[in-house]
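First up is the structure itself, then whatever we jot down about it.
Every number for a ligand or one of its atoms is a count from 1 in the order of the listing.
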Amino acid sequence: MPPMTNTSDIDKAALGRLFPGHVREIQARHERALERAGAAHAVIFAGAPKPVFLDDYNYNFKANPHFLSWVPLLTNPWSLVVCTPGEKPVLVYFQEKDYWHTPPADPDGFWTDVFDIRIVHTVEDIARHLPQALNKCIYIGEAQNDAQAFGIERINPKSAINILHRARGTKTEYEVACMRAASRRGARGHRAAEAAFREQASEFEIHLAYCKATEHTEKELPYGNIIALNEHSAVLHYQHQSLERPAAYRSFLIDAGARVNGYASDITRTYSFDNADYAALIKRFDALQLSLVAEVSAGMNFAELHLRAHRLLADLLVEVDLARGSADALIESGVTSAFYPHGLGHLLGLQVHDMGGFMADDEGTRIDPPSGHPFLRLTRTLEENQVLTIEPGLYVIDLLLADLAGTPGEKMINPKRVDWLRPFGGMRIEDNVRVTASGSENLTRDAFAAA
Ligand code: GLY
Ligand code: MN
Ligand code: MN
């Protein structure tokens, strides 16, 4: 059994000290967005519950990340923030009188002082706290129907949204502190999950051990846990949690994160059960991942780092006899992409895949990924205080290897060695790093060291 841990080690007082500066920055971003959109007020809506078809309950509520950038209210549907340049932001706090559900508690926490808080109990009351001139408002959020837009016509105007999405790539001190805490929370879960794997638990049991150690209910997780034993490790977003304990334990890939005040960690680790050769390959791959992290620094072009990962992987494939040929040939023939078909990393924050990874500027000019690499989600130049993942992978994906049949790539692959690797599925190592002027801070490695 993993030891009981608890989230009381999150330093709320320290977060509280950083929060006013964070909101000043969020306000400044919205003021720039308003100016660009030629509007006077921004109304940032948390979102409304989504009912299940033909039934009377709702899907898990996921708050609008733009709303969460203002205030850490993860489970407050119908609340909203009104931002008017030069004024204290208004938080319309929706507290429905509801005896079917527990309504939100009264506002309480380090975040309350920075808002002019208006508590409302009915949807009709919300409108009374909106600016009079609705035609001077822009609405930021998802409006599933007209009632949810409150009569505001300009919904998510591109001119404003581009500024907000691009700005969210760079984290405030408060956000970095939340993300460090989310990494520590995730690392505790990863330790417990590895222990459960060593005890030969099922995927489902490992998932439960993870939730227990992170103190997350399943619906609070930043994304569905990927808990993959043996061949399942080759499925990039393996979505099941098998109740069966497999007959033999060979490998374990876990991609699982945690959240603090809405901010996510996104962490992957891969383990060998008792096969020394596979353990050695993981160790070698871990060194490759760390060498990529070591290259991160402000000013770097991330697409180039992604291509560099393919070069390093080509060398590794040759070194461990999975393939033969020059790095150029292995890349051009599609061999490295067959073993590693996803992007090197992505921006991380209130969303696991934060918006803005392709944006060259505030106008939203798109920087496409390099040809042949459609799944790379971060092409923009790295800047200080961006937080991103570095997550190279190496898998046996027969669907992709089959595509190489009859091409020059087929002859470069060593099928015997692929047969050896197949029962282990594959590996991915994923860390979350903050870009600094001269390098990076590895939130994940720091968190494992502290766990
Ligand atoms: N957990 C999804 C990803 O790594 O992007
Ligand atoms: Mn991940
Ligand atoms: Mn990721």
Whether the Arg168 and Gln351 side chains hold a donor-acceptor pair (N or O, under 3.5 Å, no angle test) is what I'd like checked.
yes

Return yes when atom CG of Asp108 has more than 12 non-hydrogen atoms of other residues, nucleotides or ligands closer than 6.0 Å, and no otherwise.
no

Using heavy atoms and a cut-off under 4.0 Å, could you grab the residues that are in contact with ligand 1, chain by chain, numbers ascending?
Tyr223, His237, Asp255, Asp266, His346, His353, Glu391, Glu430

Could you tell me whether Arg308 and Glu295 have a side-chain N and a carboxylate O separated by less than 4.0 Å?
yes

Exactly one of Gln386, Glu384, Arg180 should register a side chain to side chain contact (heavy atoms under 4.5 Å, CB included) with Arg434. Which one does?
Arg180

is_close_aromatic(His232, His240), centroid dist under 6.0 Å:
no

For a distance under 2.8 Å, give residue and atom name for each protein N, O or S atom next to the Mn ion (ligand 2).
Asp255 OD1, Asp255 OD2, Asp266 OD1, Glu430 OE1

Assess the side chains of Asn162 and Asp362: does a donor N or O sit below 3.5 Å from an acceptor N or O?
no

Could you tell me if the ring centre of Tyr340 sits under 6.0 Å from that of His342?
yes

Is the positively charged end of Arg250 above the ring of Phe273, judged by distance under 6.0 angstrom from the centroid and angle within 45° of the axis?
no

Angle class for the Tyr263/His22 ring planes (parallel below 30°, perpendicular above 60°, tilted otherwise)?
perpendicular

Between Asp398 and Arg422, does any side-chain N to carboxylate O distance fall below 4.0 Å?
yes

May I ask you to check whether His346 brings an N, O or S atom to under 2.8 Å from the Mn ion (ligand 3)?
yes

